[in-house]
Novice: 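Dropping the structure in here first, questions after.
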Amino acid sequence: MNRRLLVIDPASRQWRLWSVHVEALQKDPREDYWVLSGEALCQYLLRRDPEALVIARGPLPFLSGNKATIGYVSPLTGLPHYSFVGGHVATELLNLGLDAIWLQGTVEGTRRVADAYLVVSGRAPDLTVEWKEATGLPTGQRSACYWLLERELGGDPDAGSILTLGEGARFGYLSANLAAEAIFHAGRGGAGIVLARSAAAMVLRGLPMGAAEFFAGEASAPERSPEALLMPLLRRHCAWLSGATGGTITGLFATGGGRPGKSTLPAWNAQRLGYALYDLGSPRVLRAIRRGHTGCDGCQVRCRHWRWVPADYAPGGRDLLLDDMGPAYAIYAMLGLGTVQRGDRPLRGREALRARLDLLADVDRRLTLPIEQMGCDVIDIGLGLSALLEGVKLGAIPKGDVPEAIANSSGLGDLEAAAQAVEILRLGQADGYPALRAAADGPQALAGRYPAMQSFVFTCGKGTLGNPGRCNALWTFLMPFSRFFGDGSARYDAVDESLPPPGSDEEAYRACFARVVRRLLQREWFGLVGNVLSLCAFTFGIFSEGGTGERLDEDLLLRLLRRYGIRAMPGELAWFGQAFWAQSIDLKCRCGWQPPAAADLPRRVYEALSEALGRPVDEVQALMELLIAEWKQQAREVMARFGYDAPW
């Protein structure tokens with residue numbers, strides 16, 4: 001099995017083609033790469049070039065959920081990160097005749113954005129690689145995409161794929177991401193910073209390859225189509241994502257509707273901050289604002305719903321914004337934006353709905369779109385600004401370290417102060433305000449600069465691995481744990497277990513946590529198989545038993561792989577999931593990660609958990625220590641199984 005790579009040296013602007021023979025890889029004999037695609041291919045290259053940015057596809061084109069993987073070492077965490085991005089990226093890699101593009105690392109620590117953008121066209125081996133001066137390229141991430149669309153793709157959005165940066169990468173903000181086709185974002189860990197070392201933007205424009213050509217005619221019969229094998233399962237398990245009132249943002253409504261202190265931790269935090277707009281994820285609001293939906297190239301699950309927002313850089317003077325749970329939660333819940341009354345009078349019915357729609361339009365125009373133009377993650381910036389406003393109000397951040405609008409702000413809920421802060425960041429004028437500049441590197445940078453904030457800033461950063469989430473009472477307890485111990489695709493929230501009732505003895509908790517960790521690791525191993533295939537976490541769930549995302553339905557996946565000419569023995573995929581997980585944890589440890597102790601989590605986490613779960617703070621922290629100890633024990637056993645020594 002071969003993998004075909006385009007290897008680019010940005011410093012010399014030289015390039016070459018490289019055919020990787022999987023069976024002859026130079027590697028540690030413990031390393032397992034199976035099909036060497038997606039996350040596995042990225043990891044193999046990052047082990048050899050930690051400063052690189054790798055754009056890889058999976059081996060299963062023309063399949064719903066097919067994505068590209070962006071691999072890089074995060075400037076935020078210092079660990080390898082793998083972002084899965086939709087749009088046309090995976091399709092264009094296939095059209096170019098490539099499995100991956102490897103942008104080799106430049107001088108470590110370089111932050112200056114390259115002065116040229118990169119265009120790759122043709123079909124390997126007959127590729128054309130061009131460096132074009134970026135003079136005139138707009139600095140906004142979205143406006144840059146429209147500019148390149150006209151000049152490089154003739155205005156046809158289906159003629160290629162465009163990867164762009166925003167002002168954040170140019171100013172060295174560690175929360176800078178990159179965007180495909182302006183709306184599909186990759187790299188909460190700072191992928192924009194890494195791409196900026198090599199190119200100001202990228203355009204991929206291959207020669208179209210259809211399914212009949214790829215399958216050498218086999219796909220002409222519907223019964224031979226890989227997609228036909230999966231359609232019933234996609235309809236059963238993924239239809240909720242595509243519906244007119246479906247999608248991830250519905251979680252905003254689900255988590256925000258409980259009683260304060262009695263629902264999930266995210267909902268409790270939101271309501272504690274004055275959150276009243278959980279119904280932005282409700283059916284009546286979604287019906288009023290949505291104007292269409294889209295998805296990754298070729299995917300039958302059209303899960304990305306959009307609405308219009310005025311934009312002077314876009315054709316027709318308007319652009320589209322996607323709705324999503326994470327960004328909406330960061331902006332409306334954590335920043336505390338919203339109103340449910342006029343003066344002293346509560347708003348109800350149509351009047352309340354109109355007020356919500358007006359606020360949404362105002363926030364889209366003044367905050368969300370500018371952050372996306374800046375090319376930074378909306379979640380990180382939203383949480384950073386909320387921490388900034390709260391830190392100033394609590395006296396943890398000196399008022400002299402922030403702009404006047406924030407220094408004089410009433411705190412959370414101040415849209416004007418937040419909008420002015422984003423404008424200062426976009427103009428590159430934050431250096432005079434050390435706290436605001438720190439927030440551009442994510443909320444964890446505020447905790448690093450201002451020790452008084454370490455007790456209540458909880459987000460991504462050094463020592464963390466995963467993403468926060470939502471769901472049941474156990475998940476309320478697992479959410480902060482997942483930030484440090486989990487992979488974002490593992491869906492810890494779906495574990496069907498319950499915490500023992502108050503007053504249970506330690507043995508009951510140990511037994512519960514042993515079951516929970518075993519199931520969490522099963523989810524990690526399952527998710528890694530999907531990551532290596534570069535498939536969407538939502539659609540890959542159909543390859544699990546009952547669609548639960550926990551145990552692999554190996555027979556179904558083996559049958560699908562055979563249609564792509566990939567042979568695997570029963571049990572081989574389960575072996576790989578565990579082996580790749582073990583080597584990935586070992587690599588992260590070599591990069592400096594260590595499992596934290598319960599005491600390393602901010603005190604605010606336990607105060608919130610105490611309120612949400614109705615248990616004393618010290619008891620909650622003691623339970624977290626038990627959970628972490630169980631993870632360490634089971635993780636150590638799995639790593640030893642594949643020849644690795646756990647450094648804890």
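Residue numbers count from 1 along this sequence. Every heavy atom of this structure was used, including side-chain atoms; hydrogens, water molecules and symmetry mates were not.
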Novice: Val73 vs Cys591, test: side-chain contact (heavy atoms from CB on, under 4.5 Å). Steps then yes/no.
Specialist: CA-CA 9 Å; Val73 173; Cys591 291; 5.8 Å; no

Novice: Using only heavy-atom distances, determine whether the side chains of Thr91 and Asp297 contain a donor-acceptor pair under 3.5 Å.
Specialist: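 The answer is yes; a qualifying pair exists.
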
Novice: Do Gln43 and Glu39 get their side chains close enough for a donor-acceptor pair, meaning under 3.5 Å?
Specialist: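 Side-chain D/A pair, Gln43 to Glu39: absent.
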
Novice: Please enumerate all residues that pass ring-ring contact (aromatic ring centres under 6.0 Å, His included) together with Phe184, with sequence neighbours excluded.
Specialist: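 In terms of ring-ring contact (aromatic ring centres under 6.0 Å, His included), with neighbours along the sequence ignored, Phe184 is linked to no residue.
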
Novice: Measuring from Thr250:OG1 to Asp323:CG, what's the distance to the nearest 0.5 Å?
Specialist: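 Between Thr250 OG1 and Asp323 CG, I get 9.0 Å after rounding to 0.5 Å.
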
Novice: Can you tell me which residue among Trp308, Trp306, Tyr146 is in a side-chain hydrogen bond (donor to acceptor under 3.5 Å, both in side chains) with Asp319?
Specialist: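 The single option meeting the side-chain hydrogen bond (donor to acceptor under 3.5 Å, both in side chains) with Asp319 is Tyr146.
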
Novice: Would you say that Phe538 contacts Trp240 through its side chain, given a criterion of any heavy-atom pair below 4.5 Å between the two side chains?
Specialist: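 Phe538 vs Trp240: side chains touch.
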
Novice: Would you say Arg287's side chain and Ala244's backbone share a donor-acceptor pair under 3.5 angstrom?
Specialist: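 Such a contact is absent between Arg287 side chain and Ala244 backbone.
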
Novice: Without swapping roles, check the side chain of Ser74 against the backbone of Leu79 for a donor-acceptor pair under 3.5 Å.
Specialist: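 No, the answer is negative, given that no donor and acceptor are paired below the 3.5 Å cut-off.
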
Novice: Does some side-chain heavy atom of Arg284 sit less than 4.5 Å from a side-chain heavy atom of Arg356?
Specialist: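 Result yes, sub-4.5 Å side-chain heavy-atom pair found.
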
Novice: Can you name the residues that form a salt bridge (Lys or Arg N to Asp or Glu O under 4.0 Å) with Arg47, not counting sequence neighbours?
Specialist: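 Counting only residues at least two positions away or on another chain, Arg47 forms a salt bridge (Lys or Arg N to Asp or Glu O under 4.0 Å) with Glu31.
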
Novice: Examine distances only and state if a side-chain atom of Ser534 and a backbone atom of Lys67 form a donor-acceptor pair shorter than 3.5 Å.
Specialist: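 A pair under 3.5 Å: yes.
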
Novice: So, Arg142 and Glu372, do they make that salt bridge, N to O below 4.0 Å?
Specialist: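 The answer is yes: the pair qualifies as a salt bridge.
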
Novice: Check the pair Leu552, Leu557 against side-chain contact (heavy atoms from CB on, under 4.5 Å), reporting the backbone distance first and the verdict last.
Specialist: CA-CA 8 Å; Leu552 186 67; Leu557 186 53; 3.9 Å; yes

Novice: Please step through side-chain contact (heavy atoms from CB on, under 4.5 Å) for the pair Leu533 and Asn66, ending with a clear verdict.
Specialist: CA-CA 8 Å; Leu533 297 173; Asn66 191 42; over 6 Å; no

Novice: Is any side-chain heavy atom of Met202 closer than 4.5 Å to a side-chain heavy atom of Ile55?
Specialist: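 Met202 reaches Ile55 side chain to side chain.
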
Novice: Are the side chains of Trp581 and Ile585 in contact, using a 4.5 Å heavy-atom criterion?
Specialist: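 Touching, per the 4.5 Å side-chain cut-off.
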
Novice: Taking only residues two or more places apart in sequence, or in another chain, which ones meet Glu181 in a side-chain hydrogen bond (donor to acceptor under 3.5 Å, both in side chains)?
Specialist: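 Counting only residues at least two positions away or on another chain, Glu181 forms a side-chain hydrogen bond (donor to acceptor under 3.5 Å, both in side chains) with Ser161.
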
Novice: Check the pair Leu367, Ile371 against side-chain contact (heavy atoms from CB on, under 4.5 Å), reporting the backbone distance first and the verdict last.
Specialist: CA-CA 6 Å; Leu367 201 59; Ile371 293 173; 4.2 Å; yes

Novice: Walk me through whether Asp324 and Thr248 qualify under side-chain hydrogen bond (donor to acceptor under 3.5 Å, both in side chains).
Specialist: CA-CA 6 Å; Asp324 200 356; Thr248 62; 2.4 Å; yes

Novice: Tell me, please, which residues at least two apart from Glu572 pass side-chain hydrogen bond (donor to acceptor under 3.5 Å, both in side chains).
Specialist: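 Checked Glu572 against side-chain hydrogen bond (donor to acceptor under 3.5 Å, both in side chains); zero matches.
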
Novice: If you measure from CG on Leu535 to OG1 on Thr69, what distance do you get to the nearest 0.5 Å?
Specialist: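 The CG atom of Leu535 sits 9.0 Å away from the OG1 atom of Thr69.
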
Novice: Please round to the nearest 0.5 Å and tell me the distance separating atom CG of Leu165 and atom SG of Cys145.
Specialist: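 That separation rounds to 11.5 Å.
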
Novice: For Phe576, which residues count as a ring-ring contact (aromatic ring centres under 6.0 Å, His included) partner, sequence neighbours excluded?
Specialist: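 ring-ring contact (aromatic ring centres under 6.0 Å, His included) list for Phe576, sorted by chain: Trp34, Phe580.
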
Novice: Indicate yes or no: at least one non-hydrogen side-chain atom of Pro327 is less than 4.5 angstrom from one of Ile379.
Specialist: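 They are in side-chain contact.
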
Novice: Could you list the residues that satisfy ring-ring contact (aromatic ring centres under 6.0 Å, His included) with Phe540, not counting sequence neighbours?
Specialist: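 Once residues adjacent in sequence are excluded, the partners of Phe540 under the ring-ring contact (aromatic ring centres under 6.0 Å, His included) criterion are Phe526, Phe543.
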
Novice: Quick check: do Phe214 and Leu94 have side-chain heavy atoms less than 4.5 Å from each other?
Specialist: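 A side-chain contact exists here, since the closest heavy-atom pair is under 4.5 Å.
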
Novice: Would you mind reporting whether His185 and Leu178 have side-chain heavy atoms less than 4.5 Å apart?
Specialist: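 No, their side chains stay 4.5 Å or more apart.
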
Novice: Sequence neighbours left out, what passes side-chain hydrogen bond (donor to acceptor under 3.5 Å, both in side chains) with Asp555? Give chain and number order.
Specialist: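 Testing Asp555 for side-chain hydrogen bond (donor to acceptor under 3.5 Å, both in side chains), a comparison that skips the adjacent residues, returns Arg559.
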
Novice: Flag the pair Arg307 / Leu360 as yes when at least one side-chain heavy-atom distance between them is below 4.5 Å, and no otherwise.
Specialist: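 Of all side-chain heavy-atom pairs linking Leu360 with Arg307, at least one is under 4.5 Å.
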
Novice: Just by modelled atom types, is the Gly189 backbone N or O under 3.5 Å from a matching donor or acceptor in the Tyr72 side chain?
Specialist: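 Confirmed, Tyr72 side chain pairs with Gly189 backbone.
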
Novice: Which residues pass the ring-ring contact (aromatic ring centres under 6.0 Å, His included) test with His293, not counting sequence neighbours?
Specialist: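 His293 satisfies ring-ring contact (aromatic ring centres under 6.0 Å, His included) with His305 only.
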
Novice: Which salt bridge (Lys or Arg N to Asp or Glu O under 4.0 Å) pairs, counting each pair once, include a residue from residues 532-552, with sequence neighbours left out?
Specialist: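 As it turns out, the salt bridge (Lys or Arg N to Asp or Glu O under 4.0 Å) pairs with a partner in residues 532-552, which skip direct neighbours, are Arg519-Glu550, Arg523-Glu550.
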
Novice: Out of curiosity, Leu230 CG to Ile542 CD1, how far, rounded to the nearest 0.5 Å?
Specialist: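 With rounding to 0.5 Å, CG (Leu230) is 4.5 Å from CD1 (Ile542).
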
Novice: Quick one: CZ on Arg515 to OG on Ser498, what's the gap to the nearest 0.5 Å?
Specialist: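 Reported value, rounded in 0.5 Å steps: 9.0 Å.
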
Novice: I'd like to check the salt bridge (Lys or Arg N to Asp or Glu O under 4.0 Å) partners of Glu227; sequence neighbours left out, ordered by chain and number.
Specialist: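 Once residues adjacent in sequence are excluded, Glu227 has no partner under the salt bridge (Lys or Arg N to Asp or Glu O under 4.0 Å) criterion.
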
Novice: Could you check whether any side-chain N or O of Glu630 sits under 3.5 Å from a backbone N or O of Phe513, counting only pairs where one atom can act as donor and the other as acceptor?
Specialist: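 Side chain of Glu630 to backbone of Phe513, a donor-acceptor pair under 3.5 Å: no, none is there.
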
Novice: What pairs of residues pass the salt bridge (Lys or Arg N to Asp or Glu O under 4.0 Å) test when at least one of them lies in residues 56-66, not counting sequence neighbours?
Specialist: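 Sorted result for residues 56-66: Arg57-Asp99.
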
Novice: Measure the acute angle between the ring planes of Tyr33 and Tyr44, then classify it against the limits of 30° and 60° as parallel, tilted or perpendicular.
Specialist: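 Rings of Tyr33 and Tyr44: perpendicular, over 60°.
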
Novice: Rounded at 0.5 Å granularity, tell me how far OG1 in Thr164 sits from CG in Leu195.
Specialist: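 Spacing of OG1 (Thr164) from CG (Leu195) equals 9.0 Å.
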
Novice: When you measure from the side chain of Asn95 to the backbone N and O of Met209, does any donor-acceptor pair fall under 3.5 Å?
Specialist: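 Looks like yes, one N/O pair under 3.5 Å.
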
Novice: Suppose we screen for side-chain hydrogen bond (donor to acceptor under 3.5 Å, both in side chains). Which residues come up paired with Glu554, at least two apart in sequence or across chains?
Specialist: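 In terms of side-chain hydrogen bond (donor to acceptor under 3.5 Å, both in side chains), with neighbours along the sequence ignored, Glu554 is linked to no residue.
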
